[in-house]
Every structure is written in C-alpha cells, then in structure tokens.
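These notes are about the structure you will find just below.
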Amino acid sequence: MDYRMPLYIQLQDSIIKKIDEKKYLPGEAIPSERKMAEAYGVNRMTVKRAVSKLVEEGYLVCKPGSGTYVAQRDKKKIDLDNSNEAGNTGITATLRKGGMEVKNRLLGIGEITGSKYLGYKLGISDDEMIYGIYRVRSEGDIPFAVEYTYVPKKYFDDLDEFDFAKVSLYDYMEAKGHMPCHFGQKLVICEANERLAELLQVDRGTAIYKINYQGADADYNIVEFTMSYLNPAYTKFRFDVEVS
C-alpha cells in the first residue's frame with residue numbers, strides 16, 4: 001500500500017482493477033469486509049468506505065443480508081481510458097472490447113465551407129471543404145453521447161456515400177488510411193441546453209461532460225475535430241499522473 005494516498009482510495013483502485021481484469025466477475029460476491037481488511041492490512045471502516053463509494057459509482061451492488069456483488073455489465077459506466085492504446089480507439093471499438101454494441105442515430109451530415117473556427121481546428125484554409133457528421137451514440141436504448149464531428153473532405157472525399165448510423169466512422173477512416181492515432185483532448189463540464197437535454201434524456205441544466213478532440217493520423221495530419229457531449233451517469237475517465 002502507498003501511504004501517501006488515502007487507504008480507501010487505494011482499496012477502491014484495487015477492487016476496480018480486479019473487476020477490469022475479470023478476477024471479480026459480474027454477479028460474483030466480493031470478499032467480506034473482514035476478509036478484505038485482513039488481506040490488505042487495514043481496518044474494516046476503511047473497507048466499508050471504499051466499498052460504499054464503489055456502490056455509489058455503480059461498480060458494486062449491496063444486497064442486505066446477502067453480501068456485496070459486482071454489478072452486472074449494464075450497471076457499469078463506459079470506460080474511456082483508451083488514449084494510450086494502439087489501433088482503433090473510437091467509442092465503437094471501446095464498447096466492442098467490453099462485449100457491448102453501440103447504436104448510432106444520425107442527426108445530419110453535410111458539407112461546410114468558410115468556417116474559420118473549424119478550419120483552424122483542422123489545420124486547413126478557410127476555403128477548404130469540411131464534412132460535418134452529427135450523431136447520438138447509445139448503448140442499448142441508453143443515449144450516452146451526442147457528437148459533432150468534422151473532417152477535411154480532401155482525405156474523405158466519398159464520406160457522404162456511407163451510412164454512419166451503421167458504419168463506424170473510425171473503421172471508415174482506418175480504411176481510408178487516415179485513422180486518428182495522435183490526440184489532443186480538452187475536457188470541460190457544461191450544462192445541457194434544451195436540445196442536448198432532449199437527446200441525452202436528462203433534465204435541462206444537468207451538468208454533462210464536453211470533450212473536444214483533435215485527432216491526427218500517423219503522419220500528423222489533423223483528420224478530425226469532434227465535440228462530444230457525454231452523460232456522466234454512463235461515462236467514466238481515468239487519468240495517470242506522475243509526480244517527480
């Protein structure tokens with residue numbers, strides 16, 4: 001145990017790791033508070049605090065008189081900690097790895113010219129053509145993201161021939177030889193306006209995540225700028241921080 005970090009947080013991380021590594025399976029009971037306290041050399045209040053937090057976050061389910069169990073898959077949040085992985089790191093690929101399937105509802109697709117802001121974000125001149133793709137992303141019947149994606153037409157000249165309600169955008173980009181593999185990301189918290197609230201099925205004014213992505217291909221050509229609005233009830237992020 002690293003005594004520079006609160007023990008209950010370390011215990012939470014250890015339990016999450018065991019869930020991620022399938023050492024604790026969905027529906028399986030985790031060890032009792034007494035056994036965990038003995039195994040980790042901490043008191044039972046520390047275990048209780050860690051377990052309570054994981055119940056709040058949806059990793060565990062407490063059944064009075066029975067025990068504490070790993071939540072079934074539909075109770076877990078979508079883990080977007082994929083920034084360091086090789087290959088397809090889109091949401092569709094991320095969910096496939098977890099045995100889930102993403103559904104896309106296409107809101108619109110079209111050509112855009114004359115946008116200084118989007119041209120700047122994509123590293124192209126104002127007069128170059130841009131494709132905009134607007135989608136609602138869902139897992140099952142639960143919408144978890146609304147995405148506004150912009151790509152340079154010069155790299156994807158036949159984009160409008162594909163149905164991105166059925167085809168993964170990143171699979172298409174990979175087939176064209178311009179898979180995003182270098183990313184710049186900015187995460188902010190914002191309030192859902194009336195339109196986003198309707199699409200994400202939340203109350204207007206609900207605090208939601210907004211991530212701006214800039215994606216570059218293997219040759220560092222900027223091939224994507226996406227504004228993704230995410231319902232935090234179904235999304236989680238993990239960050240690794242090194243202190244020198």
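FYI, side chains are in, hydrogens and waters are out, and symmetry mates aren't considered; it's all heavy atoms of this structure. As the structure is a computational prediction, the values presented were derived from the model and not from experiment. The chain is numbered in sequence order, starting from 1.
Scanning for side-chain contact (heavy atoms from CB on, under 4.5 Å) contacts around Ala165 gives Leu106, Asp163, with sequence neighbours left out. With sequence neighbours excluded, the residues satisfying side-chain hydrogen bond (donor to acceptor under 3.5 Å, both in side chains) with Tyr69 are Ser66. Residues that satisfy the ring-ring contact (aromatic ring centres under 6.0 Å, His included) test with Tyr172, not counting sequence neighbours, are Phe156, Phe162, Phe164. For Glu38, the salt bridge (Lys or Arg N to Asp or Glu O under 4.0 Å) test picks out Arg34, with sequence neighbours left out. Scored by the salt bridge (Lys or Arg N to Asp or Glu O under 4.0 Å) test, Lys48 finds no partners at all (sequence neighbours excluded). Taking the side-chain contact (heavy atoms from CB on, under 4.5 Å) definition, one finds that Glu21 meets it with Lys17, Lys23, sequence neighbours left out. Remark: Asp141 engages Lys103 in a salt bridge (Lys or Arg N to Asp or Glu O under 4.0 Å) (not counting sequence neighbours).
One finds the CG atom of Asn43 at 10.5 Å from the CD atom of Glu33 (value rounded to the nearest 0.5 Å). The OG atom of Ser228 sits 10.5 Å away from the CG atom of Leu187 when rounded to the nearest 0.5 Å.
Applying the salt bridge (Lys or Arg N to Asp or Glu O under 4.0 Å) test to residues at least two apart or on different chains, none of the pairs has a partner in residues 206-228. Residue pairs that meet the salt bridge (Lys or Arg N to Asp or Glu O under 4.0 Å) test with at least one member in residues 106-122, sequence neighbours left out, are Glu111-Lys153.
Connection of Leu159 to Phe225 is not established within any shared hydrophobic cluster, with ILVMFWY side chains joined at heavy-atom distances below 4.5 Å, either directly or through further cluster members. Both Val223 and Leu169 sit in one connected hydrophobic cluster of ILVMFWY residues. Membership requires side-chain heavy atoms under 4.5 Å apart, directly or through other members. Note on Tyr117 and Tyr148: same hydrophobic cluster, where clusters join Ile, Leu, Val, Met, Phe, Trp and Tyr whose side-chain heavy atoms are under 4.5 Å apart, directly or indirectly. By the criterion of side-chain heavy atoms lying less than 4.5 angstrom apart, applied directly or through intervening Ile, Leu, Val, Met, Phe, Trp or Tyr residues, Tyr213 is not grouped with Val146; the two fall into different hydrophobic clusters. Hydrophobic clustering, with ILVMFWY side chains joined whenever heavy atoms are under 4.5 angstrom apart, groups Tyr40 together with Ile30.
Annotation: Tyr220, atom OH; neighbour count of heavy atoms from other residues, nucleotides and ligands within 6.0 Å does not exceed 12.
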Would Gln185 and Asn212 satisfy side chain to side chain contact (heavy atoms under 4.5 Å, CB included), going step by step from the backbone distance to the final call? CA-CA 6 Å; Gln185 303 178 16; Asn212 287 351; over 6 Å; no
What do the steps show when you test Ile19 against Leu60 for side chain to side chain contact (heavy atoms under 4.5 Å, CB included), and what is the final call? CA-CA 10 Å; Ile19 293 172; Leu60 302 175; 4.1 Å; yes
Determine whether Lys186 and Ile211 satisfy the following criterion, side chain to side chain contact (heavy atoms under 4.5 Å, CB included), listing intermediate values before the conclusion. CA-CA 5 Å; Lys186 180 180 179 181; Ile211 309 180; over 6 Å; no
Check against side chain to side chain contact (heavy atoms under 4.5 Å, CB included), Tyr209 and Ile189: CA-CA 5 Å; Tyr209 295 130; Ile189 307 297; 3.3 Å; yes
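Ion pair Lys176/Asp157 flagged as a salt bridge, since at least one NZ, NE, NH1 or NH2 atom sits closer than 4.0 Å to an Asp/Glu carboxylate oxygen.
A heavy-atom distance below 4.5 Å is found between the side chains of Asn221 and Tyr155. Arg49 is not listed as a side-chain neighbour of Leu11, based on a closest heavy-atom distance of 4.5 Å or more.
Contact record, Pro143 with Ser138: CA-OG, 3.4 Å, taken as the closest heavy-atom pair. Shortest non-hydrogen contact noted between Arg44 and Ala37 is CG-CB, 3.9 Å.
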Using residues 124-134 as the side-chain source, report each donor-acceptor pair under 3.5 Å to any protein atom, sequence neighbours left out, with the distance given to one decimal.
residue: Ser125; atom: OG; partner: Asp127; partner atom: OD1; Å: 2.6
residue: Ser125; atom: OG; partner: Glu128; partner atom: OE2; Å: 3.3
residue: Glu128; atom: OE1; partner: Lys154; partner atom: NZ; Å: 3.4
residue: Glu128; atom: OE2; partner: Ser125; partner atom: N; Å: 3.2

Pairs of donor and acceptor atoms involving the side chains of residues 194-206, under 3.5 Å and at least two apart or interchain, shall be tabulated with distances.
residue: Thr206; atom: OG1; partner: Asp203; partner atom: N; Å: 3.4
residue: Thr206; atom: OG1; partner: Asp203; partner atom: O; Å: 2.6

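Side-chain contact annotation: Tyr150 with Thr226, donor-acceptor N/O pair under 3.5 Å absent.
With Glu56 contributing its side chain and Lys53 its backbone, the two residues share no donor-acceptor pair below 3.5 Å.
Through direct or relayed side-chain contacts under 4.5 Å between Ile, Leu, Val, Met, Phe, Trp and Tyr, Tyr120 connects to no other residue.
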